[in-house]
Amino acid sequence: MLIEIGAAVVLLLFVIGVIADARRFANVVLLGVFLTLMAVAHGRKLLVVHHALDGTWLAGPALEGLAVLLVCCLLIGNGVRMVRKEGSRPGNLLTLAAGLGLLSLLLLTVVAYVAELRSLAAAVVLAALITSYFVCLFVCFGVYGYVYSRLPAPSGLDYIIVLGSGLVGGDRVPPLLAGRLDRAHALFQAQPAGGGRPVLITSGGQGPDEAVPEAHAMAGYLAARGVPAECLLREAESATTEENLRNSKALMDERGTGYRCAIVTNDFHALRTAFIARSMGIDAHVLGSPTASYFRPSATMREFAAVVLHHRWIHLAVCLFLALACWLIVL
């Protein structure tokens, strides 16, 4: 009963946090705590059922092992598809590496149980605890980020910032970036006609393999779809998301304060962009354009890894706590 009450309190804090500011990482953590408490409460009920049934004590671990094996197969399959479609760059190998890592952990668990190796079992338990922590946080990050990127778009905007993502052939807008621009264009057209049209800020510098800055190619794409020249503002110096937002904020601040703006990127990138915008004092909602389903898992993992590295000391403290708890249990 206490666990259910605690879960209800955490859920209330989560709802309050989302209403106060949906761009807080604390909301992801609260969602993870709530789901963990619910899983613990559900697990206690399952234990009662297992005690009541003879000969079924292996059913739970067996089903969990099959579930992990299924996840491994899905991750490895996605990783192979990513390599075939996007190449073998390190960022495209994340789902493949995650699938192989989980499969290795599963095999080590079976070996430790069959061979009754105490030291290996302790290492497996620790690895499973840390993996469970990050998997739970990743699931919450992915779910919350997906929902956040699809929240209703605001109205009465003064600016719409579109983040760049690279060009192909040196000067052409690829499909991924075209999706962002199309979403920004739709938002631009949806603004109330009587309140004045917002300014579209295309943000992106020039890479070493690009003939023109991304901002210029993006502005050309929007101009070809009817956006007036006076509604286009180019930010052509940035190379990272942080620079995109910092330089765009400087352009908006030069024109006055008290503005309303939105930021457009891909759905997998929306939540981390919202975290960065909040840290810079930019009061803007981030909208996400759709991404190909095969591309989203790996891209979300990259975003999650960046957020974890940003808060690395907190996660390191959690891992040390789990290691200490595992050591005390083994003793």
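It should be emphasised that the depicted structure is a prediction, and the values quoted were computed from it without experimental measurement. Sequential numbering from 1 along the given sequence is applied to the chain's residues.
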Membership question, hydrophobic clusters at under 4.5 Å side-chain separation (ILVMFWY): are V143 and L37 in the same one?
no
Quick check: does any side chain N or O of R296 sit under 3.5 Å from a backbone N or O of F268, one acting as donor and the other as acceptor?
no
Counting only heavy atoms from other residues, nucleotides and ligands, does the tally under 6.0 Å from NE2 of H315 exceed 12?
yes
Can you get from V308 to Y144 by hopping between Ile, Leu, Val, Met, Phe, Trp and Tyr side chains that sit under 4.5 Å apart?
yes
Anything under 30° is parallel, anything over 60° is perpendicular, the rest tilted; go ahead and classify Y259 against Y159.
perpendicular
Is the side chain of R197 donor-acceptor paired with the backbone N or O of Q191 at a distance under 3.5 Å, no angle test?
no
Check: F295 main-chain N/O paired with S298 side-chain donor or acceptor under 3.5 Å
no
Residues H269 and S165: side-chain donor-acceptor under 3.5 angstrom
no
Only one of E86, R84, K85 clears side-chain hydrogen bond (donor to acceptor under 3.5 Å, both in side chains) with Y294; which?
E86
In Å and rounded to the nearest 0.5 Å, what is the CZ to CG distance from F25 to L271?
9.0 Å
Does atom CG of D283 have more than 12 heavy-atom neighbours from other groups under 6.0 Å away?
no
Determine whether more than 12 heavy atoms belonging to other residues, nucleotides or ligands lie under 6.0 Å from atom CD of E237.
no
Establish whether Y146 and L287 are linked, either directly or via other cluster members, by ILVMFWY side-chain heavy-atom contacts under 4.5 Å.
no
Do N244 and S203 get their side chains close enough for a donor-acceptor pair, meaning under 3.5 Å?
yes
List for me each residue that meets side-chain contact (heavy atoms from CB on, under 4.5 Å) alongside R225, sequence neighbours excluded, and say none if there are none.
D182, H185, Y221
Between F141 and F275, how do the two ring planes meet: parallel, tilted or perpendicular, split at 30° and 60°?
tilted
